Protein chains: 2
Amino acid sequence: MPTPSKSSTAFVEDVDTRFLETLLGYNARRAALAVIEVFLVEMAPFDLRPVDFSVASLVLHNPGITSRQICAALGILPPNLVALLNGLEKRGLVVRRPHPNDGRATGLHPTPECVEMLRAAEKKASELELKACSKLSESERKTLLRLLQKVYR
Amino acid sequence: MPTPSKSSTAFVEDVDTRFLETLLGYNARRAALAVIEVFLVEMAPFDLRPVDFSVASLVLHNPGITSRQICAALGILPPNLVALLNGLEKRGLVVRRPHPNDGRATGLHPTPECVEMLRAAEKKASELELKACSKLSESERKTLLRLLQKVYR
DNA sequence: TATTGTTATACTCTATAACTATA
DNA sequence: TATAGTTATAGAGTATAACAATA
């Protein structure tokens, strides 16, 4: 049995994480790590990282969306989006066209390949979602999403 | 009014994020970003990043804990913990002592300075927690933590 | 043989400053 | 003067391989 404290001979059998578990940041990070782990494995066939998938999905559902709008929606910085979009464009998933109302901006549009691929990828993501939330009831899953949205909105 | 789809003249007024909002990963990331933003500002006086705080808190509550145990509890890799612990040791918050039962391992112990500083830092973190969850009732906050834990445990 | 802590190193992610074209 | 997209670059975070000491 470990000495309770201050002794140089103390050691730990079961790590006490009770304090950290009272913090939203700690729990959100652990949960996100668990979900991303599943995502990386299951989405490997599409060769889409979480952020690639998010961007492609936004373009699919928002034809003509601009870089700035994507950055705002995903919490990423404009310089870091450039290479990502170049990649999606090179793969023939996204095309850049001039913005109709603003000469500074560029509209991002999904190609037919994007529509087809993302239909399958989103389906897979939704299945994977249920897998990641397998310990939750459907009602609990909906509650969890709602409460998380209340935090960041 | 933007053309619904496929037109090169389409543009977006309000970004449709409804699909992504059905995914736990997206919502957990957004919530974590919101919480960390508050954390970085409020914890600046302690000069502790979230991960430094988590490690120091674990050492405080688990005198004699090993590197491996910290890595397992926080989901970080052993090589990346070394420099972090060196920093905490240099600041006089943590000391390394031989493990009583295992010659390979090192026990990590909090100094009196750690006890004092972390008492204040944990108090601040708990206050900050309520701030980050200001849009949630106390009951909702508890539910949120419980459901997140169900996901990763 | 396996595990702990460590070093070295590579890779990815994130952040800042500055430029251009346009508003 | 401000904003969108971009470039270059720096910094932080995360990953793998390999080693010495110990189990």
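Naming convention: chains lettered A, B, ... in sequence-line order (proteins, then strands); numbering from 1 in each chain. From a predicted model like this one, the values you see are computed outputs, not experimental measurements.
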Q. When the nearest nucleotide of DNA chain C is assigned to B:S67 and to B:N80 on a heavy-atom basis, which residue is associated with the more 5' position?
A. B:S67
Q: Using the salt bridge (charged side-chain N to carboxylate O under 4.0 Å, His left out) rule, take A:R18 and A:E21 through it: C-alpha gap first, then chi angles, then the decisive distance, then the call.
A: CA-CA 5 Å; A:R18 282 176 296 172; A:E21 281 169 7; over 6 Å; no
Q. Which of the following nucleotides, D:dA15, D:dT7, D:dT14, is nearest to the side chain of A:R29?
A. D:dT14
Q. Atom CG of A:N86 to atom P of D:dA8: distance rounded to whole Å?
A. 12 Å
Q.
Please pick, from C:dT16, D:dT7, C:dG5, the nucleotide with the shortest atom-to-atom distance to any side-chain atom of A:V82.
A. D:dT7
Q) Below 4.0 angstrom, N of the basic side chain to O of the carboxylate: do B:E140 and A:R146 qualify? A) yes
Q: Carefully, step by step, assess B:K131 and B:E42 under the rule side chain to side chain contact (heavy atoms under 4.5 Å, CB included).
A: CA-CA 10 Å; B:K131 197 172 187 174; B:E42 304 275 335; 2.7 Å; yes
Q.
Tell me whether the side-chain N/O atoms of A:R49 come closer than 4.0 Å to OP1 or OP2 in C:dC13.
A. yes
Q) Atom CG of A:L77 to atom P of D:dT7: distance rounded to whole Å? A) 16 Å
Q | Nearest-nucleotide 5' precedence on DNA chain D, A:T106 against A:L33 | A | A:T106
Q. Rounded to the nearest Å, what distance is computed from the CD atom of residue B:E89 to the C1' atom of nucleotide C:dG5?
A. 13 Å
Q) Is there side-chain contact between A:F11 and B:D102, with heavy atoms separated by less than 4.5 Å? A) no
Q: Would you mind reading off the distance between B:N101 atom CG and C:dT4 atom P, rounded to a whole angstrom?
A: 14 Å
Q. Got a donor-acceptor pair under 3.5 Å from the side chain of B:R68 to the base of C:dT4?
A. no
Q: Between A:P79 and A:A105, just flag the one whose closest nucleotide in DNA chain D comes earlier from the 5' side.
A: A:A105
(Q) For a quick test of reading the model: is some side-chain N or O of B:R104 closer than 4.0 Å to OP1 or OP2 of D:dC19? (A) no
Q: Measure the distance from CD on A:Q69 to P on D:dG5 and round it to the nearest whole Å.
A: 8 Å
**Q.** Any donor-acceptor pair under 3.5 Å from B:R91 side chain to B:C114 backbone
**A.** no
Q) Do A:D102 and D:dA4 share a donor-acceptor pair, side chain to base, under 3.5 Å? A) no
